[in-house]
Every structure is written in C-alpha cells, then in structure tokens.
2 protein chains.
Amino acid sequence: MAGTTLRDVAKRAGVSIRTVSNVVNGSVPVSDELRTRVQAALEELDYRPNLVARNLRRGRTGMIALVVPELDVPYFAELAREVITAARAHGYVVMLDQTDGDGERERELLGRESRATMFDGLLLSPLTISAEELRSRTNRVPVVLLGEHIFNGDFHHVAIDNIAAAREATEHLLSLGRRRIAAIGDQPYSTGETAQLRTIGYRQALERAGVPVDEGLIVPTSRFHRHFGAEAMERLLALPQPPDAIFCYNDLLAIGAMHALTRAGVRIPDDIAVIGVDGIQEGRYSSPALTTVAPDKARIARTAVGTLIAVIDGTAPPPAESKAPYRLVVRESTAGHAAPARPR
Amino acid sequence: MAGTTLRDVAKRAGVSIRTVSNVVNGSVPVSDELRTRVQAALEELDYRPNLVARNLRRGRTGMIALVVPELDVPYFAELAREVITAARAHGYVVMLDQTDGDGERERELLGRESRATMFDGLLLSPLTISAEELRSRTNRVPVVLLGEHIFNGDFHHVAIDNIAAAREATEHLLSLGRRRIAAIGDQPYSTGETAQLRTIGYRQALERAGVPVDEGLIVPTSRFHRHFGAEAMERLLALPQPPDAIFCYNDLLAIGAMHALTRAGVRIPDDIAVIGVDGIQEGRYSSPALTTVAPDKARIARTAVGTLIAVIDGTAPPPAESKAPYRLVVRESTAGHAAPARPR
DNA sequence: CCCGGGTATTGCATCGTTGCAAAAGGCACC
DNA sequence: GGTGCCTTTTGCAACGATGCAATACCCGGG
C-alpha cells in the first residue's frame, strides 16, 4: 500500500537517502557510477516522490485554487479552461471549487477549517462576499479577484470595464436605429455590483444618444441563467409597447430571451435585436447566432495567474485593478442572417 | 509570512503542543479550563492548521482528481459540477485537470513526475490512453474510469450502456416514421471506442426495424464539437438524397448540425429530425429545443465518487462495470413545436 | 609523504502535525 | 495512608522529503 520512499531506494542502491534525493532532483552533482546505480533502483522500485512531504518541506504546494460560482455556467467553464492552461505554463496546477453563489460557501472557504492552507494562492470570483469580510478573513493567503465586485484597492483584481462594455453593447443596438432598448439582468441589491455597473453603462449610452430611459424596460433577474432570460423576455413581450432590442447582461440570459422570442414567433433581429455579454461558444451556434461583447478570457486568465504568482513570489506591485480587453462580436442576432458561420 | 503553528499556540496558552492539537481535533477529552485557555490563544493568533503537514502525517489528503478531456465541453462541465458536489458530501475536494484529448497529457498524468501522489484517488475520463498503459502506470493509485473505453475488468468503471442508448435514440427516430436516418460522430479508429459502440447501437436499431444501413449516411467526425456537427451536416445536405433524420453522437454535434440546417433553410423536425446524446442544458434552450438521450449525471457522479472512496478505504468489491441510467428527453427537434419550455 | 583545494557523499535537523504510550494528577476504596 | 483505577496531559517519534554543513574522498603540488 505505502509507496516506495527514498529510504527504500537508498537501501536498495546501497547509498544514503540524501544521494538518492540528489539524483532525483538533479541539483547536486552525483558521480556517474552512483547515479547509474540509483537510477536502476529507482526504476526497479518504481519510485514516485511523495509530493505531500516535498510540499511540507519546501513550504509550497504548486497548487492554486480557482473558485467560481458555478462550473456549468459556460463562461466560468471557459475561463477555468484558460486558467488551467495559464497555470500549467507556470508549473502550477489548479484546484477548482464552486460556491453555487452561496455566500455561506464562500465564507466557509476562508474560514478556520478551510483548505486554503493547501494552496499557494487563490483566484476568487466572488459573488456575495463583501470586501470587508474578505479582508478580515484572508490571512496572508495571496488572493487575486476575478470580475467586478467593488473593491477598494486592497486586492489585486482583474476584470473588464463593465460600464464601458455595457455602454458599447447598447450603442451597438442604437447604431441599428433601435430606440426602445430593454435591459435584462439588473440586480439592484447589495451583491449585484457587476449587474449594477452594466446598468450604468446602459443608461450612459441612452443618455448620450438622447434617448429617454424607460424604467419599465429594465428587467431585473435573480441570476444569470437561461431560464431567467426567457422569463424576463416573456414579461417584456407582454408590455403594451414591447422593445425593439434587448441588451442582456450575459449570453445565457440572451439565449433564454431568444428562446422565448422564437417560441412567440418574433423574428430576430428583424423585430427585436438581441445582444449579450461573455462571448461563450454556445452563442456561435445558437439560432440565430448571438451578437455579444466578448471579454478576452485567455488574457484575463493569463493576467490573473501571472499576478497571483507574482504575489506568491513576493514580486508583485501593490494591489491594483487590471482592466482586461474585450471586443464586440457581431453576429446574426443583430445583423440579419448574413454572417457566415465560423469554424471553431 | 509563516502561519501560526501549534507550537506558537501552545507557548501562548502555556500548554503542550499535543494538548492544543487535542483541542483542535476534539478527539481526546480536554479539561474545561485548558480548553478555554487554548481556544482563546487559537483565536488571538488566528491559528489555521497546516493541511499539508496534517496530510503527511495522516497519509491522506482528502483530495481526489477528476481528469476530463475538456472542461469547456458542457457535458464535462456539468459532470464536474456533480462530481464536486458528490465529493463534498464525503468530505473530499476535487482537483480538476483537462488533457485536451491529448494522449501525451494523459500519459504524463500517470508518469514519474505526476502529481498523482497528492491525491487519494483518481477519476479518469480517458480519451486516448489504452487499458494496457493505464494498468502498467497506475501504481496502486485508486482509479475509477468514467465513460466507455473498452476495458477488461481491471478497473472500476461507470458509464451508460452506449449501445442501448444509441439504439433507443435511433428507434425514437424510426418511431416518427423516418427511414433515411443519418449518424454523425463515428470514430472508426483505435481511440474512438465510445463512438464505435454508438454506431453498433445505431446499426442494431436499423436492422431490427428492417431498414437497410446506408454506409454513406454514417459520417465520422474527428471530435465531438459543434463545428464538426455543422460540417458533417453540410456534407449530408449535399447528398443527392439527403436524410430525413439525424442521430448525433452527442449534443454538441447535434447543435452544430441544427445550426447548419437552419442556415440552409431546412425545417426541424418537419424536414429533418435531430437527436443528440448527453442531455446538456444548452439543448433545452436551443432553437428548436433538442431531443436527447440524457445520462443521469448526478447518479454517475455519485456512483463514481462512492466507488472511488470505497477503493480508497479498501472496502470496495473487485473492479466491475457499473451501468448508469439514462433517459430519452423528447423536445422540439423531433416532436414539432408543441413541447412547452421547461424552467430550469 | 603531507597538505590544500575541490568535488562527492553523508548525517542531522527540520517542515507541522498526529499516533502511541508513558507520566501526572485526582479520587475512592480498602 | 497506601493502592489502584480512571482521566487528563505530555514527550517522543514518525510521516517523507530537503537545506545545511560537516565529512570523506581524490588529485596535484610542495
């Protein structure tokens, strides 16, 4: 049951434990004769270093944790993939955990009995936890935050400019000549910072264009899932004067909204144009294909991982906010059925 | 930098290290007086147990690894979510890794320098690695395999009955009166075991119904992504006599195929009916909503995690194949536009 | 033949925790 | 008052690896 240890190999090769260690690590020179003998013993006994022991001794585990609300939300899955790739490039592996958007779960993560001590650092996509709590709880575990959640400079933080992104999305709809533009996804309560920023951007665009804001066209949703997008859309369709375009705060809401529109026989984009945010792969193959504001996930992941590792190594500058790039990807849901499908 | 240790707390409370440990673990009785004093010291110094040290001492890490080809493939993301939930119920956390379907990466996972020793067990969804390699490389690391990949009883293994599932999918299309049924997703080469099983089921259904198999309607795809589904569909549409139904080997292929159909102006299901496999959430909100054979992912996850932990604890029966349940979920892509959208 | 200087090898301590078993303390009973 | 038993507390060793510094070895030069 127990694995082979350095001691076993040493005994077998007739050398000291330390010499075997030297052969394994290659840091200290070892004579050809002994190296050969030791390597043979390593092979024969199929030695694998016990990483737990190594980690204890070295004081580092080579693991970082990525904590997201839900893994089966495509944005997070796609981001996770990029984070894993970025971390691997630095020799780190990634432990994934999901909080289900449950504040309790987020707090537990940082609590007394948390596993946080097993990781060299934490990438956190916080949903409900406050800056205050975070500050008081993360005792010198390096942390980098992902996504907007208003923070005051205590933490490194990687996100897109949500206000600008929302403004550009709305401006795109305005540029099509639409004037009754609805917004789906506001969260006007304490933990909906990201949503609130997007609402600000939406208002800015309308105001700049001189279009009055109709508060009835701003539909809040409790979460950013397809189902709530469909529900909100149905409510909007029931209005005496329905909108002619929809800005959804993420792609899942948009896909739900389009589902409701299609079922209701409304033509997209002819009757109502739809735009989302996130740039998930799903939107490329939806019918119609979804126009979206796509954050550069690979860039976000690289920046976040790079920053986290700098914090771990103690070479990081003081905490700062890093704005990640994004781009508008125009597809059928705002541009008619002309755009060709693109291969992956 | 270094965290507070038991030694620090002990010094502060004026007791032995061991007593502090007893208070922290609660396993051994401690007098009220000392407990109070120790707890105060724990609070003041904000002690967090060093899990790496604890793991080394206990010989267990409480971590299992889940290795999948790609995290941003919805099926795996959804499965991962269930695995994390199931593992948590047993007090385990899950480390996620992806191999990108790269055999090298899979092999590296089990090699000399792998991190496998950090985990109590491995859940592996192998894509290209062979049973032979696996057997020779996994030295007493408990392993449970997910998904079909032909194995000969050396490993615990959780999967649906792919032949039966494919047969039922095809039979569903037959029951609609369709006779020219195409199959998208065959992989007639060494590492495409899952696909090959589905092809067998497809053939069985046709044969039982007395429908001759048209080899030209079986379209292989290198991978199970939306893009390849669309590509395959285009090829089928170019046939002199196109099919009237499509069995796609997974939902992503089906969504790609539907995308191509919609662009080509083909009506679904009126002209061509489409069915997939996997039961991913995306299919509920696609236009049209996708009929699918949905494996019970929660059940798969619970069974796999439960089995793995049994292996870890040494209480597992000998390796066996465990067949997970699945069900046919009929939606618009085979049943017209009658089915109501269901909330999540 | 002895010594200096470089390289190769080794022993010891340590990372922070827990298992084990012995020591210390308290109490009741003879 | 001494003995034995039970409870609480403690010391020591160990998990398996690596950092440090001391030792052993080898060679050339005086």
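What you see below is based on every heavy atom in this structure, not just the backbone, and it leaves out hydrogens, waters and symmetry mates. Lettering of chains follows the sequences in order, A, B, ..., and the numbering in each one begins at 1. Predicted model only: the values in this text are computed from it and were never measured.
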Set of salt bridge (charged side-chain N to carboxylate O under 4.0 Å, His left out) partners for [X], sequence neighbours left out:
| X | answer |
| --- | --- |
| A:D100 | A:R105, B:R81 |
| A:D120 | none |
| B:R58 | none |
| A:E78 | A:K297 |

List every contact pair, protein side and nucleotides 23-26 of chain C side both N or O, where the distance is under 3.5 Å.
none

*Return the value, rounded to whole Å, for the distance between atom CZ of B:R7 and atom C1' of C:dC15.*
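After rounding, the reported distance stands at 10 Å.
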*What integer distance in Å separates B:R58:CZ from D:dA14:P?*
20 Å
*What is the bend of the helix from C:dC1-D:dG30 to C:dC30-D:dG1 when you compare the axis at one end with the axis at the other, using five pairs each and rounding to 10°?*
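Answer for the end axes of this duplex: 80°.
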*For B:R54, which residues count as a side chain to side chain donor-acceptor pair (under 3.5 Å) partner, sequence neighbours excluded?*
none
*Does A:T85 have any side chain to side chain donor-acceptor pair (under 3.5 Å) partners at least two apart in sequence or in another chain, and if so, which?*
none
*If a protein heavy atom is under 4.0 Å from the base, mark B; if only from the sugar-phosphate, S; if neither, -; do that for nucleotides 8-13 of chain C going 5' to 3'.*
SBBB-B
*May I ask you to test the B:V30-B:V38 pair for a side-chain heavy-atom distance under 4.5 Å?*
no
Got a list of side-chain donor-acceptor pairs under 3.5 Å for residues 303-311 of chain B, not counting sequence neighbours?
residue, atom, partner, partner atom, Å
B:T303, OG1, B:R299, O, 2.8
B:T307, OG1, B:T303, O, 2.7

*Within the pair A:S21 and D:dT18, is there a side-chain N or O less than 4.0 Å away from OP1 or OP2?*
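Checking D:dT18 against A:S21, a side-chain N or O does come within under 4.0 Å of OP1 or OP2.
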Show which side-chain atoms of residues 7-15 of chain B pair as donor or acceptor with protein atoms under 3.5 Å away, not counting sequence neighbours.
residue, atom, partner, partner atom, Å
B:D8, OD2, B:T5, N, 2.9
B:R12, NE, B:E44, OE1, 2.8
B:R12, NH2, B:E44, OE1, 2.2

*Going by the salt bridge (Lys or Arg N to Asp or Glu O under 4.0 Å) test, which pairs reach into residues 15-32 of chain B, not counting sequence neighbours?*
B:D32-B:R35
